Amino acid sequence: MEIIAPFSKVFEWTPTLTSIMAVLLGFGFGFSLERAGFGSARTLAGVWYGYDMAVVRVMFTAVVVAMLGLFGLYYLGVLELDLVYVNPTYLWPQVVGGFIFGMGFNIGAYCPGTSLVAMATGKIDGLVFLLGFGVGVLGFAWSFPYIQDFYTSSYMGRLMLPDVLGLPPGVVVLLVVFLAFGAFALTHFVDSKMGNGQGQEQP
Amino acid sequence: MNRLKPAVYGNPYLAGIGLGLVLLAAFVLVGRGLGASGAMTRLSLYTAHNVETAVAGGTEAAHEVLERQNDYVKKYLATESDPLMDFLVYMFLGILLGGFLSGTMARRVSFQVIRGPRASLRTRLLLAFAGGIISAYGARLARGCTSGQALSGGATLAAGSWAYLVAVFAGGFAVAYFFRKEWT
């Protein structure tokens with residue numbers, strides 16, 4: 001079949017059209033997060049203490065759906081994967097940064113996207129998290145000259161799991177689906193241990 | 001259902017499918033995923049730069065103030081185009097609108113501080129602020145947050161993003177014991 005996606009690259013969209021699309025995509029993003037209950041820090045913090053496992057369910061479902069769609073379209077020959085942005089790997093900065101981010105995610109009980117949704121629905125703690133985030137950015141920018149070498153270390157370029165594992169993308173996609181179902185099973189096990197509801201909690 | 005009560009949250013699997021379709025639409029339409037921390041980074045650096053220029057009080061022009069910043073700041077601000085006319089800043093506006101509409105539809109828009117049964121108002125706000133600072137440092141070091149790295153990078157099978165995802169959960173659980181009284 002003929003390559004038609006990503007549209008913005010194949011059909012050479014104007015910056016204006018791409019910006020309009022960014023607003024619409026953001027709209028869907030914010031809407032989905034709020035639907036999931038992620039406008040409340042209580043839902044998000046549940047994953048660390050086992051009283052609400054929505055974070056794991058929503059996140060892995062979203063990753064699986066988007067991944068199946070993306071690689072499905074690639075195998076159908078309608079999407080050029082090389083034109084899709086894949087986060088470059090800087091292994092150690094990502095591991096250390098991820099660990100620090102996870103600590104902040106636990107302590108503040110929001111992440112950037114969810115704090116925006118919290119703020120948009122009037123949650124003061126979401127606004128305060130956001131202000132803290134702004135300060136943290138300035139802290140990072142200030143410290144940049146001291147950590148610049150680490151920041152650019154262990155660069156591996158556009159590295160994807162199929163390359164690392166030496167497997168075809170289709171097989172890795174299947175493995176991720178299995179992993180997600182394992183994670184879902186685990187969340188239901190936690191629910192039964194903790195005596196939680198069925199995952200549709202009252203705000 | 002009581003009309004005055006906020007609606008219960010959506011089923012997490014359905015919400016996840018919705019989120020996944022939005023993410024897929026982003027790949028198909030614009031060839032990139034979703035992001036939230038990028039816009040917040042721009043807004044923060046931009047605001048700080050304007051404040052610094054205002055404090056300089058006309059003794060220095062904006063471009064002179066920018067001249068003595070480091071490469072990281074310059075990467076965001078010393079650009080041909082307006083630093084805020086960026087894909088992620090537009091997405092940021094959309095997130096606010098989408099979150100607000102969903103919250104309105106479910107009667108979940110209310111001015112309040114979300115906190116656990118044992119946490120005081122002050123403690124919760126202090127921890128929200130501290131958590132914001134810490135996660136910003138981590139997100140900038142890792143070049144992305146839950147949206148840009150874990151979700152978008154995860155779905156494209158980016159190797160570093162999967163390492164990031166594992167590290168985020170490790171970091172969260174590493175400190176969970178010490179902050180348990182915030183929520184339980």
Side-chain angles (χ1 to χ4, degrees), chain A residues 5-6 8 19 22-23 26-28 30-32 34-37 41 45 48 54 57-58 61-63 65-67 69 84-87 89 94-95 97-104 106-108 111-113 116-117 120-122 124-125 128-129 132-134 136-137 140 144 159-161 203, chain B residues 6 9-10 12 15-16 18-20 22-24 26 28 30-32 36-37 41 44 72 87 90-91 94-96 98-100 102-103 109 111 113-114 128-129 131-138 140-142 145-147 153-161 164 167-168 171-172 175-176 183:
Chain A
S8 69
S19 303
V23 177
F27 186 90
F31 195 92
S32 314
E34 207 289 329
R35 287 286 115 176
W48 312 116
R57 290 177 188 150
V58 172
T61 305
V63 166
V65 167
M67 174 189 69
V84 173
Y85 177 79
V86 173
N87 302 58
T89 293
Q94 278 171 302
V95 169
F99 193 88
I100 296 171
F101 182 86
M103 294 195 290
N106 175 290
I107 296 167
C111 56
L116 290 178
V117 172
T121 53
I124 316 292
D125 50 329
V128 171
F129 179 93
F133 198 92
V137 165
F140 180 81
F144 187 71
L159 182 71
M160 291 162 76
L161 287 184
Chain B
Y9 295 131
L19 182 56
V22 174
L23 180 54
L24 176 60
V28 172
V30 293
R32 58 187 292 183
S37 67
T41 301
S44 174
Y72 192 76
F87 181 86
Y90 287 109
M91 181 167 279
I95 296 172
L96 290 173
F100 179 73
S102 170
V109 178
F111 285 103
V113 174
I114 305 283
F129 193 71
I133 294 176
I134 296 165
S135 52
Y137 202 91
R140 286 313 8 124
L141 183 58
C145 62
T146 347
S147 328
T156 56
L157 302 180
S161 298
Y164 175 87
V168 168
V175 296
W183 298 104

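Source: prediction; values computed, not measured. Just so we're on the same page: letters track the sequence lines, and every chain starts at 1.
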If we define contacts as heavy-atom pairs under 4.5 Å, which of [options] has the most with chain A?
{"options": "B/Gly132, B/Ala158, B/Gly138", "result": "B/Gly132"}
{"options": "B/Ala15, B/Ala142, B/Ser37, B/Gly18", "result": "B/Ala142"}
{"options": "B/Phe111, B/Phe100, B/Tyr164", "result": "B/Tyr164"}
{"options": "B/Ile95, B/Thr41, B/Leu96", "result": "B/Ile95"}
{"options": "B/Cys145, B/Ala167, B/Gly103, B/Ser161", "result": "B/Ala167"}
{"options": "B/Val109, B/Ile114, B/Val113, B/Val30", "result": "B/Ile114"}

Quick check for you: to the nearest 0.5 Å, what is the distance between [X] atom [atom1] and [Y] atom [atom2]?
{"X": "B/Thr146", "Y": "A/Phe101", "atom1": "OG1", "atom2": "CZ", "result": "3.5 Å"}
{"X": "A/Leu161", "Y": "B/Thr156", "atom1": "CG", "atom2": "OG1", "result": "9.0 Å"}
{"X": "A/Phe129", "Y": "B/Ile134", "atom1": "CZ", "atom2": "CD1", "result": "9.5 Å"}
{"X": "A/Phe144", "Y": "B/Leu141", "atom1": "CZ", "atom2": "CG", "result": "10.0 Å"}

Inset, instruction - Please name all residues satisfying side chain to side chain donor-acceptor pair (under 3.5 Å) with B/Arg32, sequence neighbours left out, ordered by chain then number. - result: none
So which of [options] has the biggest tally of heavy-atom pairs under 4.5 Å with chain B?
{"options": "A/Val65, A/Val117, A/Ile107", "answer": "A/Ile107"}
{"options": "A/Met103, A/Gln94, A/Met67", "answer": "A/Gln94"}
{"options": "A/Leu159, A/Val95, A/Asn106, A/Val86", "answer": "A/Asn106"}

Inset, instruction - Measure from the side-chain N and O atoms of A/Arg35 to the backbone N and O of B/Ser102, and report whether any donor-acceptor pair falls under 3.5 Å. - result: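 Checking the backbone N and O of B/Ser102 against the side chain of A/Arg35, a donor-acceptor pair under 3.5 Å is found.
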Legend entry - Donor-acceptor under 3.5 Å (A/Asp125 side chain, B/Ala128 main chain): no
Inset, instruction - Can you see which heavy atom on B/Tyr137 is nearest to which on A/Phe140, and at what distance? - result: CE1-CA, 3.5 Å
Inset, instruction - Quick one: closest heavy-atom pair of B/Gly31 and A/Ser8, and the distance? - result: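 Shortest heavy-atom contact: N-OG, 4.4 Å.
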Inset, instruction - Sequence neighbours left out, what passes ring pair (Phe, Tyr, Trp, His ring centres under 6.0 Å) with B/Tyr90? Give chain and number order. - result: none
